[in-house]
Amino acid sequence: MNDPLGPLCSIGELARRTGLTVKAIRFYSDRGIVPPTGRSPAGYRLYGADALARLDLVRTLRELGVGLPDIRKVVARELSLSEVAAAHADALAVQIRTLRLRHAVLTAVARRDSNLEEMDLMHQLATLSEDERRRLIDDFLDSVFAGSARSGAFVGIRRSFTPELPDNPEPEQIAAWMELAELSQDEEFRAVVRRLVDHVEAEQEGARGGGPRPGLVPTVRELVAPALAAGIEPGDGAAAPVVEALLAHDVHVLTRLEAVNDPRRERYAELLAVINGWAAPESSAPVLDWAVEALRVRG
């Protein structure tokens, strides 16, 4: 047998030089991935210098999760290393997405102290395909933007209600999607949004011929914010001018504000911002709470 440091070496010497076990090298050798160059007079396998390079490549690819069939094709030059790397990178991307989904579901279950039924629902929502997600949201939007509200100015409003989960979402986006999807199936919430759409449509109908009118929430914010900043309570006499201004904007303002002030509407907006990567919306709850209470006090 040649000097173990020379052109050929035994399987034992190859094991010492690579850090792999004799059993592992024999396994790769038997499968034609690292074939012996020759045999010693006693019949033992002998390996050339290229065996070291092959074993280094095999170990690296195995650590990256590449399977033996693909490794065999790479060393046999049936596949290029870049082709194998690209295929396994795609596979890893799927695995990463799956792990993110699992992490989001388990985190939500832990935070909400969910039971088995809720956990199953969250898992189903998290693992919907893109087409299934689209159908679920379209069903929600179709139910709340029904009839004439589907056309004209409502196209933009509907778009602003549409979540667009990115291809590689962050865990918080997945968690937000699950909560929003669950919220969209809440019939009471759907009824709230339908009422809001009806109010906006009625407001637009009333404004025709007289020019556009400012939206309800911006109007309430403009009127109420100074009163809040001044420390005026909704039941104070000093609140009367604000109340009169609100009623001048819309005689049905209390009914509309009670619908707008549903906490689920604001939560939907918060979740939508997370999913779509928008800036977090400014909370309108303080001014809406004040306005609703002031209008109720007035009677």
Side-chain angles (χ1 to χ4, degrees), residues 1-110 116 119-133 165-175 177-178 277:
M1 186 176 73
N2 290 334
D3 186 329
L5 297 179
L8 298 180
C9 63
S10 69
I11 195 169
E13 179 61 23
L14 194 58
R16 285 191 292 274
R17 295 173 68 175
T18 61
L20 295 170
T21 65
V22 169
K23 182 178 179 181
I25 296 173
R26 186 178 292 116
F27 175 82
Y28 295 136
S29 183
D30 289 343
R31 279 154 182 76
I33 295 173
V34 186
T37 301
R39 296 272 178 172
S40 71
Y44 295 109
R45 307 180 205 204
L46 297 175
Y47 296 87
D50 68 321
L52 287 170
R54 284 195 176 204
L55 285 171
D56 281 340
L57 174 62
V58 169
R59 179 164 51 189
T60 300
L61 291 176
R62 290 295 284 162
E63 288 174 353
L64 292 172
V66 179
L68 288 177
D70 282 339
I71 292 175
R72 186 183 296 110
K73 290 178 181 178
V74 169
V75 297
R77 302 185 185 278
E78 295 176 17
L79 281 176
S80 71
L81 185 58
S82 60
E83 290 174 322
V84 171
H88 281 267
D90 290 342
L92 279 175
V94 173
Q95 292 178 30
I96 290 169
R97 175 176 170 77
T98 300
L99 288 174
R100 281 179 169 174
L101 289 171
R102 290 175 182 172
H103 177 265
V105 170
L106 291 173
T107 300
V109 168
L116 289 174
M119 182 176 69
D120 183 59
L121 173 61
M122 284 189 285
H123 182 259
Q124 290 179 38
L125 292 174
T127 54
L128 292 177
S129 69
E130 183 177 354
D131 287 343
E132 290 169 332
R133 290 198 304 270
L165 192 66
D167 292 336
N168 295 298
E170 296 298 324
E172 58 268 21
Q173 290 177 302
I174 297 170
W177 155 253
M178 289 191 300

Q: Among pairs that include at least one residue of residues 78-95, which meet salt bridge (charged side-chain N to carboxylate O under 4.0 Å, His left out), considering only residues two or more places apart or in two chains?
A: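 Qualifying pairs, neighbours excluded: none.
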Q: With a 4.5 Å heavy-atom cut-off, do Y44 and S10 have their side chains touching?
A: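 Y44 does not reach S10 side chain to side chain.
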Q: Any heavy-atom pair between the side chains of V74 and L81 that's under 4.5 Å?
A: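 Touching, per the 4.5 Å side-chain cut-off.
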Q: Going from CG on L61 to CG on D70, what distance comes out if it is rounded to the nearest 0.5 angstrom?
A: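 If I round to the nearest 0.5 Å, the distance is 9.0 Å.
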Q: List for me each residue that meets side-chain contact (heavy atoms from CB on, under 4.5 Å) alongside L68, sequence neighbours excluded, and say none if there are none.
A: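 Partners of L68 by the side-chain contact (heavy atoms from CB on, under 4.5 Å) criterion, ordered by chain and then number, come out as F27, Y28, R31, I33, R62, I71.
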Q: About how many Å separate CZ of R102 and CD of Q95, when rounded to the nearest 0.5 Å?
A: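 So the gap between those two atoms works out to 9.5 Å.
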Q: Distance alone, cut at 3.5 Å: any donor-acceptor contact between the side chains of S29 and R45?
A: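 A pair is found: one side chain offers a donor N or O, the other an acceptor, under 3.5 Å apart.
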Q: Does E130 pair with R133 as a salt bridge, N-O distance under 4.0 Å?
A: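 Here E130 does not pair with R133 in a salt bridge, since their nearest N and O are not under 4.0 Å apart.
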Q: Rounded to the nearest 0.5 Å, how far apart are CG of D50 and CG of L57?
A: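 Nearest 0.5 Å value for the CG-CG distance: 12.0 Å.
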Q: Is any side-chain heavy atom of I174 closer than 4.5 Å to one of P169?
A: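 They are in contact (side-chain heavy atoms under 4.5 Å apart), so the answer is yes.
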Q: To the nearest 0.5 Å, what is the distance between CZ on R100 and CD on Q173?
A: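 One gets 9.0 Å once the value is rounded to the nearest 0.5 Å.
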Q: Would you call R54 and P35 a side-chain contact if the rule is heavy atoms closer than 4.5 Å?
A: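 Yes; the side chains approach each other to less than 4.5 Å.
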Q: When you check the side-chain N and O atoms of E132 and S129, is any donor under 3.5 Å from an acceptor?
A: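 There is such a pair (donor and acceptor under 3.5 Å, judged by atom type) between the side chains of E132 and S129.
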